[in-house]
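Shown next, in structure tokens, is the structure this report addresses.
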Amino acid sequence: MNCNKKIAVIDYGMGNIYSIMNAVERSGGEPIKVSSPSGLANVSHAILPGVGAFPEAISRLRELKLDKAVIDFAAKGKPLLGICLGMQLLCDSSTENGDTRGLGILNARVQRFPVTTGYSIPQIQWNQVSRPVESVLLRNIPQNQYFYFLHSYYVSLGNNIQSEATISTSVYCNMVYCSALEHGNVFATQFHPEKSTDAGHQILKNFLSLGD
Amino acid sequence: MKTKRIIARLDVKNDAVVKGIHLEGLRVLGSPEVFAQHYYTEGIDELLYMDVVASLYNRNGLTEFVRRTAHKIFVPLTVGGGIRKFEDVRELLNCGADKVVINTAAVKDPQLISQLAHKFGSSTIVVAIEAIKDRPDGYGVYIDNGREYTGLDVLEWAMEIESLGAGEIILTSVDREGTGKGLCYELINMVTSAVSIPVIVHGGIGKVEHLEEAMQKENIDAVCVSSVFHYELVSQANYAACNVAGNTSFIQSGKCKKNMSPISVLDCKRVLKKAGVRIR
């Protein structure tokens, strides 16, 4: 049962908060906008969204002292879901607009799609996911399900966790990249579940079901 | 892998979806929410709301629509029309818009593109180009729904838009818009070969064959469509949304169907998939 589960949607000024809150409600959760560390205290789950550039996002999180708060939340073993830029922020670093440190929750780097003939960057399209293993986050999602992607950078997981944490891959610019991951209590999707109709709601329901 | 996108465009004036030919002579078709919900249910890839009077009267009244749409419709929503500054963008994004379209404001101050992209993310900022074939070797950039010439050349402007950090361009052939005579490939090929950000093409789709042809082309990723979907919905026997005052006689006369072969989003996608187009 997902009702009455308080889900923090972290608002640091960069993200489609309203869309995510709508989608969480639609999926049976009770979304709470959180923009300070204390807001993460009494919630069972947290979503870290993100739209925009990595350096600015990390800077905003730091200003609001949310960087430490998110790291602590994850360290406590509570379910944390990063979406799009939010997924990238969980990583060690990103090469977007320079070299910037991330939250370091995942052993991973964020890199730009390589310039590839015939491919526009950013990737703005529905794309399919291939699921190499079973996972909680993608339970009941069919193989090759379409989700909506909107990004120029992708996550490259460290060798030590790549095969274990990758729960879906997608193809763009002639390369395979991680489109969703699950590593202990840390989850993330490069695509936007809140913009991916019913399949997206299924993902959120699966996330909300954790801790039942 | 590249997946093609179909984007349904709703031109909104006050509380109604409108449609025009050459962006003049607006006709009222019905309630935006009915249209949006219908397209969403049928599998549209994205929705685009354009407030067609905002630029003229210096207003932007889309936020309520956006909020209501975002509450029930879970595909990307792009919004435009009269967006001039940061606060306009922030307000729309806060209401649930995923991307915003700017045109006039960018022409008047190109640096606005980079400022907005820096603040809100490149992928959030779409710049619209309204193109008219006004010279033998190219196209001119127009604003205010195709009324005012900007002095800019489409090709040069498209390249500048990309260099300033916009995430996407929506390219409208004003000459073809509302005519149902097919896309302007000369214009499209010129722009897509010059930029590497996604280009949404718009203006002239009159039947599914136009879409099939466009989507089988390597350089076309996304097509924005209004007339053929709108007229299909309106012509349905059980269409009850014509409770908006005005122009029911226009709709019933069938005059809006000149050169148009209306088709539903659902049927359209079936045809495209059968033709081998990779689409959701």
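We name chains A, B, ... by the order of the sequence lines, and we start the count at 1 in each one.
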Is it the side chain or the backbone of [X] that comes within 4.5 Å of chain B heavy atoms, both, or neither?
| X | value |
| --- | --- |
| A:H192 | neither |
| A:E56 | side chain |
| A:I124 | both |
| A:T197 | both |
| A:Y172 | both |

For [X], is it the side chain, the backbone, both or neither that has a heavy atom under 4.5 Å from a heavy atom of chain A?
| X | answer |
| --- | --- |
| B:D221 | side chain |
| B:R5 | side chain |
| B:K72 | neither |

Pair count under 4.5 Å, heavy atoms only, with chain B: among A:D198, A:N16, A:I121, highest is A:I121
Of the listed A:G118, A:G50, A:S170, the one with the largest count of heavy-atom pairs under 4.5 Å with chain B is A:G118
Identify the heavy atoms of [X] and [Y] that sit nearest to each other, and give their distance.
| X | Y | answer |
| --- | --- | --- |
| B:G96 | A:S19 | O-OG, 3.5 Å |
| A:P122 | B:P198 | O-CG, 3.5 Å |
| B:H71 | A:N22 | ND1-OD1, 2.9 Å |
| B:K99 | A:Y148 | NZ-OH, 3.5 Å |
| A:Y18 | B:C95 | CD2-O, 2.9 Å |
| A:V51 | B:T124 | CG1-OG1, 3.2 Å |

| task | Establish, from distance only, whether the side-chain atoms of B:R278 and A:Q128 form a donor-acceptor pair under 3.5 Å. | result | yes
- Message: Quick check: do B:V75 and A:W126 have side-chain heavy atoms less than 4.5 Å from each other?
- Response: yes
Between A:R26 and B:F74, is there a side-chain heavy-atom distance shorter than 4.5 Å?
yes
If you count every heavy atom of other residues, nucleotides or ligands that lies below 6.0 Å from [X] atom [atom1], does the total exceed 12?
| X | atom1 | answer |
| --- | --- | --- |
| B:R90 | CZ | no |
| A:R109 | CZ | no |
| A:R139 | CZ | yes |
| A:N159 | CG | no |
| B:K85 | NZ | yes |

Most heavy-atom pairs under 4.5 Å with chain A, out of B:M1, B:R280, B:K119, belong to B:R280
Checked B:D98, B:T192, B:N94, B:L93 vs chain A; the most non-hydrogen pairs under 4.5 Å come from B:D98
Can any side-chain N or O of B:K4 pair as donor or acceptor with the backbone N or O of A:Q125 at less than 3.5 Å?
no
Please report the interatomic distance [atom1]([X]) to [atom2]([Y]), rounded to the nearest 0.5 Å.
| X | Y | atom1 | atom2 | answer |
| --- | --- | --- | --- | --- |
| B:I73 | A:K195 | CD1 | NZ | 9.0 Å |
| B:E218 | A:T117 | CD | OG1 | 9.5 Å |
| B:S122 | A:E96 | OG | CD | 8.0 Å |
| B:K2 | A:C173 | NZ | SG | 9.5 Å |

Query - side-chain contact (heavy atoms from CB on, under 4.5 Å) between B:S123 and A:L150, intermediate numbers included - result: CA-CA 7 Å; B:S123 51; A:L150 205 171; 2.5 Å; yes
- Task: Could you go through the side-chain contact (heavy atoms from CB on, under 4.5 Å) check for A:M14 and B:F120 one step at a time?
- Result: CA-CA 7 Å; A:M14 288 171 73; B:F120 299 106; over 6 Å; no
